[in-house]
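For reference, the structure is listed below as structure tokens.
Throughout, a chain's letter reflects where its sequence line sits, starting with A, and its residues are numbered from 1.
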Amino acid sequence: MAQKPSIPKGTRDFLPFQVNRRDYIYNTIKGVFKKFGFAPIETPSFELSSTLMGKYGEEGDRLIFRILNSGEKVKKADLKSLEEGNLPRFANSISEKALRYDLTVPFARFVVQHQNELTFPFKRYQIQPVWRADRPQKGRYQEFYQCDADVVGSDSLLFEIDFIQIFDEVLTKLNIPDFSIKINNRKVLSGIAEITGEEDKIIPITVAIDKLDKIGEEGVVKELKEKGISDQAIKMISPLFSLTGDNKRMISFMKDFLSDSLIGSKGIEELEYVFEKTNLFGLQRAKLEFDVTLARGLNYYTGAIFEVKANGVQMGSICGGGRYDDLTGLFGMNGLSGVGISFGADRIYDVLTELELFPEDISQNLDVLFVNFGEKETQFCLPIVKKLRDNGISVELYPDATKLKKQFKYADDRNVKYTAIFGESEIAKNQVTLKNMATGEQTSVKVDEIIKSLTK
RNA sequence: GUGGUUGUAGCUCAGCUGGUUAGAGCGCCUGAUUGUGGUUCAGGAGGUCGUCGGUUCGAAACCGAUCUUCCACCCCA
């Protein structure tokens, strides 16, 4: 018996209307990337394990999909390591490849490998699927697409400003009514750790305060204590919990707060620059917000950190990004600063669905359907069909001369704009009857004028 | 990775403390309407109750395993 077919957890099939909607998102993003001077690249869906492992922290390693060695190669299995409980070593003995976990690390590898073929600063965009062995939830899949734009080879803050505009422009074009671009700076976070005398605990500190809006001040204090942060340090940090007001005010507060920290002051200076320059031209719909509690991608970000949230929708962040000063250093090429952003296309899809923001016409795959009346009428139809197609109009002639009810229902299901009726009586008058499927209105047009009336 | 949750027709869901032939709405197909879809009416098809095993005279229901869904952690797009 045929078993019920299924697909692995956290993966999805896409129906035509869904692919149309996804393409609409990708094309919008691509258009803006191109406008800002980014060029496309692609990298393999899987990399050598050694390229990926250890680049995302311990958590990340756990979530990387490994590819089992093929055929005879599994014989290399290091059974001794398995017995000794050394699972990473055992895994490496049977797997030397892994599915791409994000687009940033493969990009760093790409830049190092092709450094002599690239012109710096090198700006690329890349839209490809990535895989994570995470437990699926709503808006979290094991296979999903990332749409990244990065620039390497420049530490100019002008790129941070460009990326803010890219976020703004893409999401405005997609018609998302209300969204916030949150920005912070890793140097500010370092500064906080420094002035509290807990420099080595920067990660636990920032991870804890990142949860402020979720678990509240008490929760954060509790977590800080659990991580072994001194009471004195917690007391110093606590003013940050109630930091509110406009960006200018928060920044000036942080400026004082971090005045004893060189690195912290540098972070504030960078933020000030970005805000000041962005204010010169303004943004369309985005709210640009400084958020000290924002702490993402700490494993490699060194400067700006971005996160974008759609307001009024229950959904995690829809975009992220930041600056990483030495990503290519991991592959032996030092001193190249990079900054980049990523659009979470799948989440944007869910937001657009929830807010009903997809345009109607993107699910339209067929402009005209010709009714099939039989062999004789087909003779007259085919040249017209050809002519319409040559003019960029998508046309089908129904494959069988079945009853009209069925043909019209097919046209309806296909969401066709016009049904063309070219039967005996029309042929006699050298006219075609065009039925507008949305309004039900029928008009007779001369055969020579079909294209004119369809393209107006 | 930890704790929980879900699975019955294409879809959304009923189905009582285990008891004949498992239901509804929507969708689908056929006809009313042999040159007209979206409305209406009449009829029809469609289910090894996620899968495997166990308990029982008897399981959609109880137990176990497994897969899947969603949720909270962890982390993250």
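- Rounded to whole Å, atom C1' of B/C28 lies 12 Å from atom NZ of A/Lys406.
- The aromatic ring of A/Phe144 stacks onto the base of B/A77, its centre lying under 5.5 Å from the centre of the six-membered base ring with the two planes under 30° apart.
- If you check distances only, the side chain of A/Glu377 never reaches the base of B/G35 with a donor-acceptor pair under 3.5 Å.
- Taking atom C1' on both nucleotides, B/U51 is separated from B/U12 by 23 Å, rounded to a whole Å.
- Taking the six-membered ring where tryptophan is involved, the planes of A/Phe422 and A/Phe370 are perpendicular, since the angle between them exceeds 60° and thus also 30°.
- In this structure, A/Asn436 atom CG and B/U36 atom C1' are separated by 14 Å, rounded to whole Å.
- Whole-Å rounding puts the A/Asp400 CG to B/G35 P distance at 16 Å.
- Nucleotides B/G53 and B/G46 have their P atoms positioned 26 Å apart, rounded to a whole Å.
- One finds no side-chain N or O of A/Gln407 lying less than 4.0 angstrom from the OP1 or OP2 phosphate oxygen of B/G37.
- Atom CD in A/Glu424 sits roughly 14 Å away from atom C1' in B/U34 (whole-Å rounding).
- For A/Asn415 and B/G38, the CG to P distance is 15 Å, given to the nearest whole Å.
- Out of B/C74, B/G37, B/G35, the shortest distance to the side chain of A/Gln137 is found at B/C74.
- Side chain A/Lys9 to base B/U68: no donor-acceptor pair is found below 3.5 Å.
- Of the two residues near RNA chain B, A/Asp412 and A/Pro136, the one whose nearest nucleotide lies more 5' is A/Asp412.
- Distances from the side chain of A/Lys405 to the nucleotides B/G37, B/C75, B/U36 place B/G37 closest.
- Comparing the P positions of B/G15 and B/U2 gives an interatomic distance of 33 Å, to the nearest angstrom.
- Ranking B/C75, B/C76, B/G37 by closeness to the A/Met437 side chain, first place goes to B/G37.
- Electrostatic pairing of A/Glu270 and A/Lys187 counts as a salt bridge here, judged by a charged N lying under 4.0 Å from a carboxylate O.
- Dashed line: the shortest gap from a side-chain N or O of A/Lys211 to OP1 or OP2 of B/C75 is under 4.0 Å.
- Checked for salt-bridge contact, A/Lys211 and A/Glu223 meet the test: a charged N lies under 4.0 Å from a carboxylate O.
- For the OP1/OP2 pair of B/C28 and a distance below 4.0 Å, the side-chain nitrogens and oxygens of A/Lys409 include at least one atom meeting the criterion.
- Base pairing analysis places B/C28 opposite B/G44; the two distances defining the Watson-Crick or G-U wobble pair are each below 3.5 Å.
- Checked against a 6.0 Å centroid threshold, the rings of A/Phe38 and A/Phe163 count as neighbours.
- Each of A/Ile318 and A/Lys435 was assigned the nucleotide of RNA chain B with the nearest heavy atom; the assignment lying further toward the 5' end belongs to A/Lys435.
- For the residue pair A/Asp210/A/Thr293, the side-chain donor-acceptor check at 3.5 Å is not satisfied.
- Between the side chain of A/Ser425 and the base of B/G35 there is at least one donor-acceptor pair of N/O atoms closer than 3.5 Å.
- Pair assignment for B/U36: none, as no Watson-Crick or G-U wobble contacts are both less than 3.5 Å.
- You'll find a donor-acceptor pair under 3.5 Å spanning the side chain of A/Arg135 and the base of B/G3, going by distance alone.
- Distance noted for atom C1' between B/A45 and B/G31: 14 Å (whole Å).
- By the neighbour-count criterion of 12 heavy atoms within 6.0 Å, atom CZ of A/Phe36 is densely surrounded, having more than that number from other residues, nucleotides or ligands.
- Taking the ring centroids of A/Tyr26 and A/Tyr145, they lie under the 6.0 Å cut-off.
- Closest approach to the A/Lys403 side chain among B/C70, B/A77, B/G31 is made by B/G31 (side chain taken as heavy atoms from C-beta onward).
- A straight line from NZ of A/Lys222 to P of B/C73 spans 13 Å, rounded to a whole angstrom.
- Taking atom P on both nucleotides, B/A24 is separated from B/G44 by 12 Å, rounded to a whole Å.
- For B/U5, there is no paired nucleotide, since no Watson-Crick or G-U wobble pair has both relevant distances below 3.5 Å.
- Base pairing annotation: B/G23 forms a Watson-Crick or G-U wobble pair with B/C13, both donor-acceptor distances under 3.5 Å.
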